[in-house]
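Read through the structure below, which is laid out as C-alpha cells, and then see the notes.
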Amino acid sequence: QVQLVESGGGLVQAGGSLRLSCAASGRTFSNYAMGWFRQIPGKEREFVAAITWSGDSTYYADSVKDRFTISRDNAKNTMNLQMNSLKPEDTAGYYCARCRTPGIYYDTSRYMDPDEYSYWGQGTQVTVSS
C-alpha cells in the first residue's frame with residue numbers, strides 16, 4: 001500500500017513563498033510520475049504540476065508557470081513544490097498524488113488529469129493573504 005503525506009502548508013502574505021513536501025511510503029516511488037493538484041471547497045480538483053519518474057520532465061499549469069517549481073528525490077521518496085510570488089488566488093488545499101501506471105505518458109496531457117492518479121495524500125492548506 002502506498003501512503004502519501006504532505007507538509008509545508010500555511011499562511012503567507014501575497015508575494016511570499018512556501019515549500020510543500022510530499023513523503024511517500026513504498027519501494028515503487030521512483031517508477032511513477034507524481035503530481036500536485038489543488039482544490040477549493042465546492043470546486044473541482046485543479047492540476048498544478050507534475051514530474052516524470054526520473055525527474056527529467058516537468059509540467060505546469062499556466063497559472064503557476066514561472067512561479068512554482070516541482071522536484072523529486074527518488075533516494076528519499078520525496079517530492080517538493082517550491083511556490084514563489086504567491087497570490088491570493090493560489091489559496092487552496094494542495095494534494096500530492098502518484099500516477100496510476102509506471103513509466104512515461106507519451107500523451108503528456110494525461111499528467112494533468114486527476115483520473116490518471118491512483119494514490120492521494122490528505123492535503124495541506126495554503127492560504128495567501130492580500
Side-chain angles (χ1 to χ4, degrees):
Q1 186 71 5
V2 174
Q3 285 191 321
L4 303 175
V5 179
E6 302 95 337
S7 61
L11 173 64
V12 64
Q13 287 189 331
S17 298
L18 281 175
R19 184 177 179 86
L20 304 184
S21 294
C22 175
S25 64
R27 291 178 290 179
T28 59
F29 173 82
S30 60
N31 296 339
Y32 294 81
M34 300 287 295
W36 286 97
F37 289 77
R38 64 189 182 187
Q39 188 170 24
I40 300 170
K43 293 195 173 183
E44 291 187 354
R45 196 157 288 189
E46 176 189 26
F47 169 76
V48 175
I51 187 166
T52 54
W53 69 269
S54 64
D56 287 346
S57 296
T58 56
Y59 306 92
Y60 297 93
D62 288 344
S63 59
V64 307
K65 202 171 293 184
D66 298 326
R67 299 188 298 121
F68 291 10
T69 301
I70 189 172
S71 61
R72 67 188 296 164
D73 185 337
N74 287 340
K76 296 181 179 179
N77 279 13
T78 58
M79 176 179 66
N80 297 303
L81 184 69
Q82 177 66 41
M83 305 186 297
N84 298 330
S85 302
L86 282 161
K87 304 175 181 180
E89 50 264 43
D90 294 320
T91 295
Y94 281 73
Y95 299 83
C96 69
R98 197 205 77 175
C99 273
R100 188 177 303 279
T101 56
I104 291 178
Y105 292 159
Y106 291 100
D107 177 2
T108 58
S109 67
R110 294 175 66 184
Y111 292 119
M112 305 173 188
D113 182 355
D115 290 338
E116 293 291 345
Y117 295 79
S118 54
Y119 292 98
W120 294 84
Q122 82 291 346
T124 185
Q125 179 66 31
V126 171
T127 303
V128 184
S129 63
S130 56

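Here, residue 1 is the first one in the sequence, and each next residue gets the next number.
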For D66, does the CG atom sit with more than 12 other heavy atoms under 6.0 Å from it, leaving out its own atoms?
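At most 12 heavy atoms, drawn from other residues, nucleotides or ligands, come within 6.0 Å of this atom.
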Is it the case that atom CD in E89 sees more than 12 heavy atoms from other parts of the structure closer than 6.0 Å?
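Correct, the count exceeds 12.
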Under 3.5 Å donor-acceptor, [X] side chain and [Y] backbone:
X   : Y    : answer
N74 : W53  : yes
R72 : G55  : no
D90 : K87  : yes
T91 : V128 : yes
E6  : C96  : yes

Same cluster or not: are M34 and Y59 linked, directly or through other Ile, Leu, Val, Met, Phe, Trp or Tyr residues, by side-chain heavy atoms under 4.5 angstrom apart?
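Different clusters.
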Between V48 and F68, which heavy-atom pair has the shortest distance, and what is it?
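Looks like CG1-CD2, 3.8 Å.
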Of the non-hydrogen atoms in W36 and L20, which two are nearest, and what is the gap between them?
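Heavy atoms of W36 and L20 come nearest at CH2-CB, 3.7 Å.
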When the ring centroid of Y117 is compared with that of F37, is the distance short of 6.0 Å?
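For Y117 and F37, the ring centres are under 6.0 Å apart.
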Tell me whether D113 is salt-bridged to R110, with the criterion being a basic N under 4.0 Å from an acidic carboxylate O.
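No, D113 and R110 are not salt-bridged.
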Just checking, any donor-acceptor pair under 3.5 angstrom between side chains of N84 and Q82?
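There is such a pair between these side chains.
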Checking side-chain polar atoms at under 3.5 Å, does Y105 have a donor or acceptor matched by the opposite partner on T101?
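On atom types as modelled, these side chains qualify, holding a pair under 3.5 Å.
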For E46, side chain to side chain donor-acceptor pair (under 3.5 Å) partners two or more places apart:
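So E46 forms a side chain to side chain donor-acceptor pair (under 3.5 Å) with R38.
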